[in-house]
Structure formats: C-alpha cells, structure tokens
Amino acid sequence: MVRNPLSKTANKYLRKFRKWPHSPYKTTWHHTFGEQQAMHILKQATFQMSSTQQQPQTQINNNPFLLSTLIDSFKAYNTDPTPKAYYFLVKTITNTSQLHEIPHILNHLEHIEKFETPEFIFCYLIRFYGLADRVQDAVDLFFRIPRFRCTPTVYSLNLLLSLLCRKREFLKMVPNILLKSQHMKIRLEESTFRVLVKALCRIKRVDYAIKIMNCMIEDGYSLDDKICSLIISSLCEQEDLTSVEALVVWGNMRKLGFCPGVMDCTNMIRFLVKEGKGKDALEILNQLKEDGIKPDIVCYTIVMSGFVKEDDYVKLDELFDEILVLGLVPDVYTYNVYINGLCKQNNVDEALKIVVSMEKLGCKPNVVTYNTLLGALCMKGDLGKAKTVFKEIGLKGVELNLHTYRIMLDGLVGKGEIGEACVLLEEMSDKCFYPRSSTFDSIILHLCQKGLIGDATVLMNKIVAKSFVPGAKVWEAMLLNSGSELTYSETTFVGLFSPQ
DNA sequence: GTAGGGTTAG
C-alpha cells in the first residue's frame, strides 16, 4: 500500500511528517518504548510461568517472582514501573493464583512507588477478594486506599458495599463501612443507596430496603425513581405480604413524590390480581391514567384476568370496551382472557364467535385459546364440538401441548369413550406426554367395569413401567374382576414397590 | 436506544 503523504492518517512521528523536532534528551517516545519493552518482558515471564505451570521460587531482594520481574524489566529500560504495569501484574496474579504475591505488591506500591495509584487497581482487587469470599481482605484494602496516595470515591465504596451485600452474614458490616467512609470524605450518592436497596431486595429484605429509602429522604437526598421501582418490584414478589401492606407502601411512595411508570403499575397490578384484589388493581390502572400515562394492553389484560378470576363479568366487559375506546389493540393474551371469561359464563358459542372475529382481525388464536375452548366444551359435555375443535387445531398449524391432550383425554374418559381414549393415549405416549395418574385410574376402572381385564392388565403394566402408581381403587377393581386368574407379571410388583 | 410485564390448566 502506498501511503498518501497528504492523508490525515500519515504518521506524525515519522521524520518526514513530524510537526515538532524531538528533544535530543529523553522523549515521550523513548519513555513509551522503554515501557513497552518492559511490559513485553513482563508478559513473556508471566506467560512462561503459566505455561510451565510451575510455582517459581525465585526471590530477589525479598520480592517474589512476578514483582521482581516487573521491577527488573523496568529497571533494564531505565523507566519506572507504571500503574498500568501493576494493574497487569495484579490481574495476572489473581488469574494464576499466585496470591502470595499480593501483599508484596501492595507494600511496594505503598512504600516504594511514588505515583498516585489509580483507584481501579483497588477496585479490581476488592472485587476479587469479595468474590473469593475474602470479605475482610476487601474491607481492609478499602480502608488502606488513602495510603497509596489515592482518594477513594463512591465507586469503590459502592463496589465494596455490593460485595458485602451478597451474603446476609456480611450485611452487618455495612453500617460501619458507611460511617467510616464519611471520615474518608467519600460523598454518598443516590447510586450508593441504590446498591444497598438492590442488595436488600435481592435477599428479600424489602422491609430494610424501605427503611433505607426513608433514611435517604430524611437526609435530604432526592427520591430516586429507580429505587422506588426496585422496591415495588421486589415487594410484589413477596409471598407473605398482604395487599393492604403493599398498598400502604405504594401510597407512601406516591406521597413522597414517586411517579410510577407503566412497569411499576404492571408489577403492582399483577400482585393485587394474584391476591384476588381486582378492584384495587383497577384503581392502580386508573391512577396511571390520572397521571397522564396511557396504560398499555398488558396492564389491561392483567386487570381483566383479575375480574375473570373474581367472576366480575360486568367489569370485564367495561374494560374490554375501554381498551377499544382508547385505541389499544387487544392481542392474543387479551382475547384469551376474554374468551376464558365467556367460557366461565358457560357462553362457549360467544367464545367461538370471538375466535372467528379475532382471526378476521389478524390475531391468530394460540394453543391457550384452544385449550380454553376445549376445556369449556368438555366441561359442558359437548364432546362432539370438542372433537371438531381438536381436529381444527392441527389443521390451523397450532401445535398441541400436554394440556391439550390431557383436556381432551379427560373429556373422552368423562363421557366413557374409552376406546377413543386409548387411541389418544397411544398418540400421547408417542409424544412422551402422560396423563394425570387419576386419568389412568379412570381408564382402568372403565376397562374393568366393561370386563376388559386383559386390556386393563396390559395398560397397567405399561403404566407401572413408566413408574406411575395406580390408586387403591384400581387395585380393588382389578382384584375383584380377576377372580383367581390374576395375571400380573412379576415386573408389575417389582416396578411398583421398588421406586427407581 | 428498547424491552420488560400479561393468557389456559381439575
């Protein structure tokens, strides 16, 4: 390639293009060259060490191998070791488990070197100690940072705190660290509180997280929306929290000026619906609207599912209408909830109409839609229709899942259509889908009642081979029907009484 | 810069 001398990429360090003459004395270039060479030697030495897998015993001037190599290689090029070189050394040492070198390196950095040690070197080591469960070492190093002519910032504080927060046993060290960090003149930031809140939420101590948030406000820090969101989302994952308690926290946050976003509302709504508080969920949705934020289809869908759960179909219809008025487009989840509502009202015909109209609107029903319909049809006893729908599913290119089969199988068994049930059972077996054990029991009972003991025995053997355990009623039926000609194979018993 | 979060089931 011919370099164009006028191009901007021309090397300014070539004599031809140089802007300024080099000083005849030591130049940056020389310095950089020396540094590069020294680094090269250091890297080679570490590479050799790690490839031979030997623990070098060389101790020069009481310094262990890698540190000596660093000092010597820089000395050879008449330059001082750089922070970058130390950083490299520290990384190498942790990666090759030469941990005994760390104290030597730190001593050297503290007492021999004169430069202001960059904070990131300590952060690296603090993280290393923390992840290696050497928390006390991490804490000690943090407090030692000023002795390296380095002013620690909130960055290393946050790091240390996040490491301490990984385990409950270290949490008790946090207050002391916070206190001492004030003496070190580290300015706490919202980010620090975020670290604490995040950690507390992770270990499910949302109560403490809320306390931290309150302390923050009392100390004059501004309310951080991210912290509130974090608390809300963790709060909503709590198992033992009542909806009243959750609403109190929510209300207090709003009083403090928290502006919930769509996601916060979704979390809250999901929680309330799970607790059977559809009306409170709706209240949250309405608050969102009052705040001038348009709830999305997901919010509406969850609230709607709450009303289906509570059989409040008036509210369900109102919400469905509201969605359309707001110009939101219902998706398959929304339709599924609505269809489930209709099915629960025993209005399967209307549900089927909805399916047709959603298809027309370009929203493809999915396996959940069909499972809902099948379940309703079977429940109603309309097995003929259920069979039609069942066939239709495959034709529409929707894949049947375990539930589809279980619903259909239970429908057939419920109507005593055992022959067809057995055919379906075979089909399921091919796909490695298995019915609930109670369905197996029903099938065997039906077979026995019909006097088809042979078929019952064959099925029984198959079931046992799959480590299902037939219920007591099945045994009874089999024994009553078999008389003296009990024909279980030995494996039946072996399989039954010795769990694999 | 965006997505995330949501549906059935005995």
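Order of the sequence lines sets the chain letters (A, B, ...), proteins ahead of strands, with each chain counted from 1. Every value quoted in this text rests on a predicted model; they were computed, and no experiment measured them.
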Could I get the full list of side chain to side chain donor-acceptor pair (under 3.5 Å) partners for A:Glu359, not counting sequence neighbours? A:Lys396

For A:Thr92, what residues pass the side chain to side chain donor-acceptor pair (under 3.5 Å) criterion, not counting sequence neighbours? none

Write out a two-atom table: protein N or O, nucleotide N or O from nucleotides 5-7 of chain B, distance below 3.5 Å.
| residue | atom | partner | partner atom | Å |
| --- | --- | --- | --- | --- |
| B:dG5 | N1 | A:Asp296 | OD2 | 2.4 |
| B:dG5 | N2 | A:Thr266 | OG1 | 2.9 |
| B:dG5 | N2 | A:Asp296 | OD1 | 3.1 |
| B:dG5 | N2 | A:Asp296 | OD2 | 2.8 |
| B:dG6 | N1 | A:Asp331 | OD1 | 3.4 |
| B:dG6 | N1 | A:Asp331 | OD2 | 2.6 |
| B:dG6 | N2 | A:Thr301 | OG1 | 2.9 |
| B:dG6 | N2 | A:Asp331 | OD1 | 2.6 |
| B:dG6 | N2 | A:Asp331 | OD2 | 3.2 |
| B:dG6 | N2 | A:Thr334 | OG1 | 3.4 |
| B:dT7 | O2 | A:Asn336 | ND2 | 2.1 |

If you look only at pairs with a residue in residues 223-237 of chain A, which of them pass as a salt bridge (charged side-chain N to carboxylate O under 4.0 Å, His left out), with sequence neighbours excluded? A:Arg194-A:Asp224

Strictly below 4.0 Å, heavy-atom distances to any atom of DNA chain B: list the hits from residues 390-427 of chain A, or just say none.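 Result for residues 390-427 of chain A: A:His403, sorted by number.
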
Sequence neighbours excluded, every pair satisfying ring-ring contact (aromatic ring centres under 6.0 Å, His included) that has a member inside residues 196-232 of chain A: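 For residues 196-232 of chain A: A:Phe193-A:Tyr221.
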
Sequence neighbours excluded - side chain to side chain donor-acceptor pair (under 3.5 Å) pairs with any residue from residues 437-446 of chain A: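 Passing the test, one end in residues 437-446 of chain A: A:Asp410-A:Thr439.
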
Can you tell me which residue pairs pass the side chain to side chain donor-acceptor pair (under 3.5 Å) test with a partner in residues 320-339 of chain A, sequence neighbours excluded?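 Only A:Lys289-A:Glu322, A:Tyr300-A:Glu322, A:Thr301-A:Thr334, A:Asp317-A:Tyr338, A:Asp331-A:Thr334, A:Asn336-A:Asn366, A:Asn336-A:Thr369 qualify under side chain to side chain donor-acceptor pair (under 3.5 Å).
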
When the side chains of residues 198-206 of chain A are checked against the rest of the protein, which donor-acceptor pairs come out under 3.5 Å, sequence neighbours left out?
| residue | atom | partner | partner atom | Å |
| --- | --- | --- | --- | --- |
| A:Arg205 | NE | A:Asp207 | OD1 | 3.2 |
| A:Arg205 | NH2 | A:Asp207 | OD2 | 2.8 |

